[in-house]
Amino acid sequence: MYKKILSYRPSFKPSLVFLIIPVLIIFIFISKSFDQYSENGESKDQELENNLITVKDFLFNQFNSGATKVELKVRNGDSIQRILYDQKISPSEVNNVLNALRREYNFGALRNDQKVYLIVKREKNGNFVSRLTVNIDNITSVHVFLNKDNVYETKRVTKILTKKNHLIETTIDRGIYRTAKQSGIENSIVAQFARLYGFEVDFQRDLKKNDKIKIFYERYLDDDGVSQRTGNIIYSEITNVEKNIILYRYEYPNGTIAYFTPEGKSIEKSLMRTPINGAKLSSRYGFRIHPILGYNQMHQGTDFAAPIGTPVMASGSGTVEYSGWKGGYGKFISIRHSPVYQTNYAHLQDYAKGIRRGAKVQQGQVIGYLGSTGSSTGPHLHYEVVVNGRKENSQTLKLPSATPLEGNNKNFFEIQKRNIDNLILEASKKK
Ligand SMILES: [Zn+2]
């Protein structure tokens, strides 16, 4: 199903006056959406301007040619054909529009929430498409429109993006995620940041009000200066009372990217302490009253509470040893990382695609989704670290670090580090 945001047939009725104001507001909103394409420079489009430049013109068009502008949000199962038929466009006209669209876009694959804009001209001998715009993603759109000779033309418009490094310095107010949102940090960067520090810092527990974070990262801006895509974090810093952890991006000669402290050390560990993002530690390793059985029992894992469906990551690279139902553990995954280390994940809602016995997994790869299967009182992940066959406390366990930089890489790192320092200095001057 799709939602009509505006569909309005011109006819003079007393109620028209009450329609004008909402129509004006909605039209301004829609014409703004169109503007982002016409301001592209590369494709200054006369036809579009003629149709949409002012509200006065819009109303004039409404009463004279009977054009109707419709913004359509694609819902499950929608097709462009159906959208056009719904606007009472004749089959031959629909065919012409689709043939034109096909030159630039395989429209068989409409996604949910994809945006489609339509301008329909209503004339005595039928309804015509004056313009059809399909957004392919947030930087590319395809336009089909009638040219001066009344023939459909097709144009693909891609916004030109410029890479610009962006510096954010902010103080934690109420949680890292809220603070990031308020500072305009994109979700993809917050996720990257969480991954970089996931070995050392538990964002829920360790980051408090007034702690400081600094992130320097690549942003891709469109002509309007709006961030449309993000790249890598180049530098990041977390400062609180206990520690100050600085990380520099390092690009190896083969192009691989990794992060190191100013001394060239990695904070990555062979295993992550928290194999889930944004979860709350709800029960520690140790003795406790068992929530279901009632008696005092050793809790041989760590519980993380989060909503059902939250992705669970492999805390280290390795091979899946078990993936399936296991009694009170419910849906359960066990990963072998080395002859010494093994990790277990219990009460899962589901397994990620391809996670079966023998599958190889990378650190940070999503292996399943948090649930409440087996003997579980509510949605949580029960996480166990097994060292030489013994279940250990994952939160206090000393874990081996990834290898530090050596030899030539150490020298290259020093050069890249100085460059990054200069870039940050420049960026902070411009602020
Ligand atoms: Zn547990």
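Start at 1 and go down the list; that is how both ligands and their atoms are numbered.
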Please state the angle at the Zn ion (ligand 1) spanned by ND1 of His382 and NE2 of His299: what is it, rounded to 10 degrees?
100°

Taking 2.8 Å as the cut-off, does His347 contribute an N, O or S atom near the Zn ion (ligand 1), distance below it?
no

Parallel, tilted or perpendicular: which describes the rings of His347 and Tyr329, with under 30° parallel and over 60° perpendicular?
tilted

If you check every N/O/S atom of Asp303, which is the one nearest the Zn ion (ligand 1)?
OD1

Listed partners of Thr171 passing side-chain hydrogen bond (donor to acceptor under 3.5 Å, both in side chains), at least two apart:
none

Do the rings of Phe260 and Tyr250 sit parallel, tilted or perpendicular, given the 30° and 60° boundaries?
perpendicular

Under 2.8 Å from the Zn ion (ligand 1), is there any N, O or S atom belonging to His380?
no

Taking the six-membered ring for Trp, are Tyr383 and Tyr345 parallel (under 30°), tilted (30 to 60°) or perpendicular (over 60°)?
tilted

